[in-house]
Amino acid sequence: MANPRVTVVITTKNEENNIERLLRSIKRQTYSKIETIVVDNNSQDKTKAIAKKHTQLVFDKGPERSAQRNFGVSKASGTYVVILDADMELTPNVIRDCVENALKDDLKVLVIPEKTTGENFISKVRQFEREMYMGDLSIEVARFFDKKVFEEFGGYDLELTGPEDYDLQYRISKKCKIGRASEYIYHHEDTLTFSR
């Protein structure tokens, strides 16, 4: 399995200001066997129209992120799945790096390190926070999964919204080693406020 297909699953809700940037970054990947799925939760803006310019695999599903993610993985044809938020942006070698690490070390799950971007005060705080735990696999979140392992563990817990990332990773870590990619995701969190 020299060049396995990778499915990128993106969950959206009113993300017209972010989704194009992420989808363009997927098209700029140096790894070519990528399928992109967008699972939208009743957006009232142009999110779905923008997504459909980049992929035919645009679905409607709710009521929240865990259900959207699990649904997206159920539609995936890839050997591996990458779970992303709409306000992210991939550096060009992220997918290639993940696949190479997974195949080289027989890893079923990988954390992809994230760097927060943004100029407002809360974004700066988030940047500082991420830098403090960079490399700590008990805090960083896995986003790259062998699809069979994701399904074996039942995906994200539908009762959780927020800590579902950590829960799935924790459950899988009892059986599988969690690896870490060396390439980065940029997380554009410049709209963060105290209340959010």
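Small disclaimer: the values here were computed from a predicted structure and weren't measured.
Between the side chain of Thr55 and the main chain of Leu57, a donor-acceptor pair closer than 3.5 Å is present. Judged by distance alone, with hydrogens and angles left aside, the side-chain atoms of Asp105 form no donor-acceptor pair with the main-chain N or O of Leu107 at under 3.5 Å. Judged by distance alone, the side chain of Gln29 and the main-chain N or O of Ser25 form a donor-acceptor pair under 3.5 Å. Using a distance-only test at 3.5 Å, with no hydrogens or angles considered, no donor-acceptor pair links the side chain of Thr11 to the main chain of Gln68. Judged by distance alone, the side chain of Glu183 and the main-chain N or O of Asp97 form no donor-acceptor pair under 3.5 Å. Of the possible donor and acceptor atoms, one in the side chain of Thr7 sits under 3.5 Å from a partner among the backbone N and O of Gly78. Not a single donor-acceptor pair under 3.5 Å links the side chain of Lys52 to the backbone N or O of Val58.
Checked against ring pair (Phe, Tyr, Trp, His ring centres under 6.0 Å), Phe150 has the following partners two or more places apart in sequence or in another chain: Phe145, Tyr156. Remark: Gln44 pairs with Asn14, Asn42 by the side chain to side chain contact (heavy atoms under 4.5 Å, CB included) rule, at least two apart or across chains. Taking Arg5 as the reference, nothing meets the salt bridge (Lys or Arg N to Asp or Glu O under 4.0 Å) condition, with sequence neighbours excluded. Evaluation of the side chain to side chain contact (heavy atoms under 4.5 Å, CB included) rule for Lys175 yields Glu152, Phe153 as partners, not counting sequence neighbours.
Between Asn18 and His188, the side chains place no donor N or O within less than 3.5 Å of an acceptor N or O (distance only, hydrogens not considered). Judged purely by distance below 3.5 Å, without hydrogens or angles, the side chains of Thr161 and Glu64 pair a donor atom with an acceptor atom.
Salt-bridge check for Arg21 with Glu15: failed, with every basic side-chain N at 4.0 Å or more from each acidic carboxylate O. Classification of Glu114 and Arg143 as a salt-bridged pair holds, one side-chain N sitting under 4.0 Å from a carboxylate O.
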For side chain to side chain contact (heavy atoms under 4.5 Å, CB included), just list the numbers for Val99 and Tyr31, CA-CA rounded to whole Å, side-chain angles, deciding distance to a tenth of an Å, and then say yes or no. CA-CA 9 Å; Val99 171; Tyr31 191 83; 3.9 Å; yes

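Pairs engaging residues 32-45 under the salt bridge (charged side-chain N to carboxylate O under 4.0 Å, His left out) rule: none recorded [sequence neighbours left out]. Judged as a ring pair (Phe, Tyr, Trp, His ring centres under 6.0 Å), the pairs with a partner in residues 33-63 (not counting sequence neighbours) are, in order, Phe59-Phe71.
Counting all heavy atoms, side chain and backbone alike, Arg171 lies closest to Gly155 at NH2-O, 2.8 Å.
Each of Val39, Val9, Ile37 was checked for a side chain to side chain contact (heavy atoms under 4.5 Å, CB included) with Lys75, and the lone residue meeting it is Ile37.
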